[in-house]
Colleague: 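Please read through the structure below; I'll follow up with questions.
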Number of protein chains: 2
Amino acid sequence: MAPLTPGSAPIPRLRRSTLGDDVYETITALIMQHTLAPGDRINIDALARQLEVSATPVREALARLESDGLVRKRALAGYTVSPLLTREEFMDMFDMRLVLEGAAARWASSRAEEATRDRIVGEAASTAALRDDADGWQAHAAFTKLDAQFHDLIAAAAGNPLLRDGIARLHSHLHIHRLYFPFAQTETTGEEHQRIAAAIRAGNPEAAETAMRDHLTAARERHLAAFG
Amino acid sequence: MAPLTPGSAPIPRLRRSTLGDDVYETITALIMQHTLAPGDRINIDALARQLEVSATPVREALARLESDGLVRKRALAGYTVSPLLTREEFMDMFDMRLVLEGAAARWASSRAEEATRDRIVGEAASTAALRDDADGWQAHAAFTKLDAQFHDLIAAAAGNPLLRDGIARLHSHLHIHRLYFPFAQTETTGEEHQRIAAAIRAGNPEAAETAMRDHLTAARERHLAAFG
DNA sequence: CTATGAAATATCCTATAGGATAAACAAGAC
DNA sequence: GTCTTGTTTATCCTATAGGATATTTCATAG
């Protein structure tokens, strides 16, 4: 057998993930796109038919989604999509973000590779380049995507998988909330992102954590308008 | 129908939790007691027979356990109990504990009810009262239980469910590790717990966070001996 | 017209059977 | 002696059927 040369194309697996994983991803996307809206009941059999699979992988996916907090289960009454966060839960989530993402910014400043820092700076620049004047819906979608990428990039750069998972877990809830209260305000966000990126680039942990905490505090204020 | 008087006995539900939840708890316990040891393959059908249930609830439980990180799944190759933490993963876990439990101690200091603070002080006293001279196995079990209770009490006292869940998630991994490297050293731990409890009791967030971080740093050093 | 109670329905939850795939093992070639 | 190849086995994964429960609907009394 010919030796594998470096850079050769990776072997394409016919199905690297199991069916349950695919269903999990699909349902997550359905919730994220609010095709399944908060409070909706989830009919397992109907959902299985729509996805053209059996009920078993749907059950597995829902079990995982429950531990993510995206769906709730009541005994003998079925699953429902988790309701929107209350004001109190929303505050709790941001308290967690302050702790976790503050640490992520700090660690990324001292541990990240040079190339990673450059990517973070580039991502922040992309966010800042977004124009607020574009038509609302599409602009909001683009902003949301870039924002999520930026924060995940920093979470990954911190070099702690547990931290990254914890942050991702919180962001899914934030995402759902955002769909219902789309207030973009991309300009100030872009500036804040650039400040964070600069501190990470410079390898200044204290400044990076402070910039991240300031950003999140400001973002919380912006979002709080949704609660009246 | 007679009106319910306040304080009347709550209606006993025949089965408040679903079968899948029971199985989840059971398997978690099996892993915690190392009846299912790290690296062991998990045969779904055999496990279902042993537990006298069908395979479906076992599948649901395993799906949840996978997102907890206690088991791994390989496509078409089944589940295995997650291997013991590597040294690097162990360090990552303690970095997370420092961040999360540090915040928990801080918040508990400023938010917890009076009665809760008293319980924390009492729990710390119980830990300190443990004698190291008892026979190893039983003493270790008692210590582990008290330690877990103490940390969970503080996590709960912080008043943020997300934080409490995150901490509990980390502790399950710590627990598995401990079973394989039982070095109790209850005395110094008891003192450290009492210092944390005193700061929370006094409502001093900075002191509480510092005491918690010192405790975790010392605990990490004690555990690191296991890695040679 | 509203509230209560019972029957009907829809749905969940569990159990079992069958097809498909990866891992394990043995035999043979170089 | 080592590597490859074919066969066997065990296990997973999916699909379907039946019992149990919550929800809904409808009739009836106040």
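Every chain is numbered from 1 and lettered A, B, ... according to where its sequence line falls, protein lines coming before strand lines. Excluded from the calculations below are hydrogen atoms, water molecules and symmetry mates; all remaining heavy atoms, backbone and side chain alike, are included.
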Colleague: Taking the six-membered ring for Trp and the full ring for Phe, Tyr or His, determine whether the centres of A:His171 and A:His177 are under 6.0 Å apart.
Modeller: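 No, the ring centres sit 6.0 Å or more apart.
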Colleague: Would you please confirm or rule out a distance under 4.0 Å between OP1 or OP2 of C:dT14 and any side-chain N or O of B:Ser54?
Modeller: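 No, because none of the side-chain N or O atoms of B:Ser54 sits under 4.0 Å from OP1 or OP2 of C:dT14.
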Colleague: Take the protein atom CZ of A:Arg49 and the nucleotide atom P of C:dT11, then report the distance between them rounded to whole Å.
Modeller: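 Rounded to the whole Å, the gap is 9 Å.
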Colleague: Within 45° of the six-membered ring axis of A:Phe90 and under 6.0 Å from that ring's centre, is NZ or CZ of A:Arg87 located there?
Modeller: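 Judged by the rule (NZ or CZ under 6.0 Å from the ring centre, within 45° of its axis), A:Arg87 is not positioned above A:Phe90.
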Colleague: Taking CG from A:Asp21 and P from D:dT14, how many angstroms apart are they, rounded to a whole number?
Modeller: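 Rounding to the nearest Å, CG of A:Asp21 and P of D:dT14 are 10 Å apart.
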Colleague: Any carboxylate oxygen within less than 4.0 angstrom of a Lys/Arg side-chain nitrogen, looking at A:Asp95 and A:Arg220?
Modeller: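 Here A:Asp95 pairs with A:Arg220 in a salt bridge, since their nearest N and O are under 4.0 Å apart.
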Colleague: Output the rounded distance in Å from CD (B:Glu52) to P (C:dA15).
Modeller: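 Between P of C:dA15 and CD of B:Glu52: 10 Å.
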Colleague: Could you write out each protein N or O paired with an N or O of nucleotides 8-11 of chain D at a distance under 3.5 Å?
Modeller:
unit_1	atom_1	unit_2	atom_2	d
D:dT11	OP1	B:Asn43	ND2	3.4
D:dT11	O5'	B:Asn43	ND2	3.3

Colleague: Nearest 0.5 Å, please: how far is OG1 in A:Thr26 from CG in A:Asp21?
Modeller: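 Here the rounded value is 10.5 Å.
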Colleague: Please report the distance, rounded to the nearest Å, between OH in B:Tyr79 and C1' in D:dC12.
Modeller: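 Taking OH of B:Tyr79 and C1' of D:dC12, I get 10 Å after rounding.
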Colleague: Answer with yes or no after comparing the ring centroid distance for A:His215 and A:His151 against a 6.0 Å cut-off, counting only values under it.
Modeller: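 Yes; A:His151 has its ring centre under 6.0 Å from that of A:His215.
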Colleague: How long is the line joining CG of A:Leu51 and P of D:dA15, in whole Å?
Modeller: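 My rounded result for the distance is 11 Å.
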Colleague: Using the closest heavy atom to pick a nucleotide of DNA chain D for each, name whichever of A:Arg74 or A:Glu60 lands nearer the 5' end.
Modeller: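 With A:Arg74 and A:Glu60 compared, the 5'-side residue is A:Glu60.
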Colleague: So, for A:Ala158 and A:Leu163, which heavy atoms are closest and what is the spacing to 0.1 Å?
Modeller: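 Minimum heavy-atom contact is CB-CD2, 3.8 Å.
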Colleague: What's the closest nucleotide to the side chain of B:Arg59 if the choices are C:dT14, D:dC12, D:dT23?
Modeller: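 Within the option list, the nearest is D:dC12.
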